[in-house]
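Quick caveat, the model's predicted, so the values are computed rather than measured.
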Amino acid sequence: MSSSTPLTRAADSFKRATAAVSGKIRGARTSRNEPGNRPGRTGKPGKPSSLHPAAVWAEAAGTAGEFLSPAWRNVRAVWLKFVWPVLSVVSLLGWVVLAAAIGLWWAGQAWGWQEAKAAAMVAFLLFVLAIAFIVGRSAYGVVLDLARTRVAVGDDAVGSIAVSNVSTRPLLPAALELPVGANTAVFHLPRMKPAQVHEDLFTIPTARRAVIVVGPVRSVRADPLHLLRRRVMWTEPVDLFVHPRTVSLGSSAAGFIRDLEGMPTTELSSADVSFHALRDYVPGDDRRHIHWKTTARTNKLMVRQFEETRRAHLAIALSINTEEYDSEPEFEMAISVAASIGRQAISEQRDLDVLTQKGPLRCETGRNLLDDATRIVGAPMRKTAVDLARNLSDAVPNASVVFFVVGSHVSATQLRTCAASVPPGVRSLAVRVQPGAAPTRANIADLTVLTVGDLDDLAIVLRKAAA
């Protein structure tokens, strides 16, 4: 283990810097005595010397920084531990009153104004009296409980705060603050006897999809004039996920997703579950697949031939480019559509991938999918739904069903380009959200375009696609 100290390390650094500067000076002197070099030049003719005041200052600054950094860390630790907690209790009004008191006292001393001195003394007295309201230690036991940390848009998010007096003496009335997102709720505590418990219930509005940070619960002690304000944290913050609204599609609405047999392909195989035809036996074929009845009839060995199948793999491309949507409700409906389809696929244990312009969403469970969908933030961007479709074909090459969830500003030409990026044999559907529109189905080449005017119509248009 090294026994060096910050002082010895700084001394070694200073020695290295001094040696480097001395070496540069010797090099400069030697270079000046060489023929063809002008005074003040070193190395090759015409190139300035490497000995420059900036280099010397840089070495000196590095040495000073290495020497002063331990002291600076100690000063910062002392500031954060002892000084800042004292200064942070002074409110903006308190600093104004304190500055006014100092100014009035200085003016009274300078010009002999007794009135200014009296006003300064009153201000100082108010400041001293305010300290009596915030000193002391409160002994609360605070429990923040949210009935559910994940709710859907429009559902009730209910919570409670239980405060108990864990000390052996009564506690004076106080106030508790509960930050909820950008707002703050205030709960007033009465005078509490030892072991007394006070409980308050609260409801959080969930009109919008969001991740709301609830807490931490903090007690506030302040003087009547609010010159000083002392806060004590009692709990940790809790994340409340307000998931997008989803609808149940039902197995009949998702009939276009194949069952466990998957979708047959044009590739033939000697072993699968989708029977295709019979062919002549070739040495090396598995004898388990010999069709004995046909062999007996034709007097020739015949084996079964199968079509390779693949398990249904659902891919969803959700465009979050807000320039492709007419309004914020339309954008929120698109997120709800993608979440509903994805949740249905997960419930049926299908392989699922959901991709946006900012990357993929987690699809291991329905909870992960809805959590990531809650965190989606739309923005105008250069990447359109067409770019997203091209990225999807590369990111999910084994997809068997592809959904493009887009806004009403995406044209038919763009949808045709999206469909062209899908590999052959993959079924592709586009869900075009447009609030108030009638549920319809149309075809653009091999692409099925579904128009959804209300989230409750999603199951209807999917049944039309499966028909």
Side-chain angles (χ1 to χ4, degrees), residues 254-258 261-267 269 307-325 331 334-335 337-346 348-364 368-369 372-373 376 378-433 441-452 458 461-462 465-466:
F256 52 87
I257 304 178
R258 303 296 183 183
E261 290 186 357
M263 295 180 62
T265 66
T266 57
E267 299 177 6
S269 172
E307 286 182 334
E308 283 192 353
T309 59
R310 59 191 177 198
R311 180 180 173 86
H313 190 143
L314 190 66
I316 301 175
L318 171 63
S319 177
I320 59 174
N321 185 357
T322 54
E323 292 183 348
E324 298 177 348
Y325 297 90
F331 177 68
I335 296 177
V337 167
S340 299
I341 298 174
R343 189 177 181 184
Q344 179 69 30
I346 292 175
E348 295 182 356
Q349 299 181 350
R350 309 294 180 184
D351 294 330
L352 175 67
D353 283 281
V354 181
L355 193 67
T356 68
Q357 281 92 338
K358 292 185 178 179
L361 305 185
R362 296 178 300 166
C363 302
E364 296 85 4
N368 290 342
L369 174 62
D372 283 5
I376 291 177
M381 55 185 66
R382 296 181 60 183
K383 291 185 177 181
T384 63
V386 175
D387 300 317
L388 179 60
R390 292 168 179 166
N391 293 338
L392 181 69
S393 61
D394 297 331
V396 194
N398 56 342
S400 56
V401 180
V402 173
F403 274 94
F404 302 109
V405 182
V406 298
S408 59
H409 289 180
V410 177
S411 63
T413 303
Q414 290 176 307
L415 291 177
R416 186 180 295 107
T417 307
C418 291
S421 64
V422 178
V426 178
R427 185 169 188 184
S428 57
L429 302 95
V431 181
R432 190 167 174 267
V433 295
R441 170 190 172 179
N443 291 323
I444 301 178
D446 293 333
L447 178 67
T448 303
V449 181
L450 309 175
T451 301
V452 178
L458 181 60
V461 296
L462 289 182

More than 12 non-hydrogen atoms from neighbouring residues, nucleotides or ligands closer than 6.0 Å to CG on Asp446, yes or no? no
Taking every heavy atom of Leu355 against every heavy atom of Ala395, the minimum-distance pair comes out as CD2-CB, 4.3 Å
How far apart are the closest heavy atoms of Val402 and Val426, and which atoms are they? CG2-CG1, 3.7 Å
Does this structure show an ion pair linking Glu364 with Arg362, if we count only N-O contacts that are shorter than 4.0 Å? no
Sub-4.5 Å side-chain heavy-atom contact between Leu352 and Leu369: yes
Apply the side chain to side chain contact (heavy atoms under 4.5 Å, CB included) test between Ile316 and each candidate in Val405, Val396, Val431, Leu361; give the one that qualifies. Val405
Taking all heavy atoms of Phe331 and all of Gly378, pick out the closest pair and write down the distance. CZ-CA, 3.6 Å
Ignoring hydrogens and angles, tell me if any N or O in the side chain of Asn321 forms a donor-acceptor pair with the backbone of Lys383 under 3.5 Å. yes
When you measure from the side chain of Asp394 to the backbone of Asn391, do you find a donor-acceptor pair of N or O atoms at a distance under 3.5 Å? no
To the nearest 0.5 angstrom, please state how far the CG atom of Leu314 sits from the CZ atom of Arg427. 11.5 Å
Quick one, Ile320 and Met381 - any side-chain contact, counting heavy atoms below 4.5 Å? yes
If you look at every heavy atom in Val406 and Ala385, which pair is closest and at what distance? CG1-CB, 3.8 Å
Would you call His313 and Asp353 a side-chain contact if the rule is heavy atoms closer than 4.5 Å? yes
Using modelled atom types and a 3.5 Å cut-off, is there a donor and acceptor pairing between side-chain atoms of Thr451 and backbone atoms of Arg432? no
Let me confirm one number: the OG1-CG distance from Thr356 to Leu392, rounded to the nearest 0.5 Å. 11.0 Å
Quick check: does any side chain N or O of Glu323 sit under 3.5 Å from a backbone N or O of Pro380, one acting as donor and the other as acceptor? no
For the residue pair Phe403 and Leu318, establish whether any side-chain heavy-atom pair is separated by less than 4.5 Å. no
Where do Glu324 and Thr384 land on the side-chain contact (heavy atoms from CB on, under 4.5 Å) test, with the steps shown first? CA-CA 8 Å; Glu324 298 177 348; Thr384 63; 3.3 Å; yes
Rounded to the nearest 0.5 Å, what separates atom CD1 in Ile335 from atom CD1 in Ile376? 5.0 Å
Could you check if a side-chain atom of Ser319 sits within less than 4.5 angstrom of a side-chain atom of Phe404, using non-hydrogen atoms only? no
Verdict with reasoning, Thr417 to Arg390, per side-chain contact (heavy atoms from CB on, under 4.5 Å): CA-CA 9 Å; Thr417 307; Arg390 292 168 179 166; 3.8 Å; yes
Which pair of non-hydrogen atoms, one from Val386 and one from Cys418, has the smallest distance, and what is that distance? CA-SG, 3.8 Å
Arg441 and Thr448: side-chain contact (heavy atoms from CB on, under 4.5 Å), yes or no, with the steps? CA-CA 7 Å; Arg441 170 190 172 179; Thr448 303; 3.7 Å; yes
Smallest heavy-atom separation, Leu447 atom then Ala430 atom, equals CD1-N, 3.8 Å
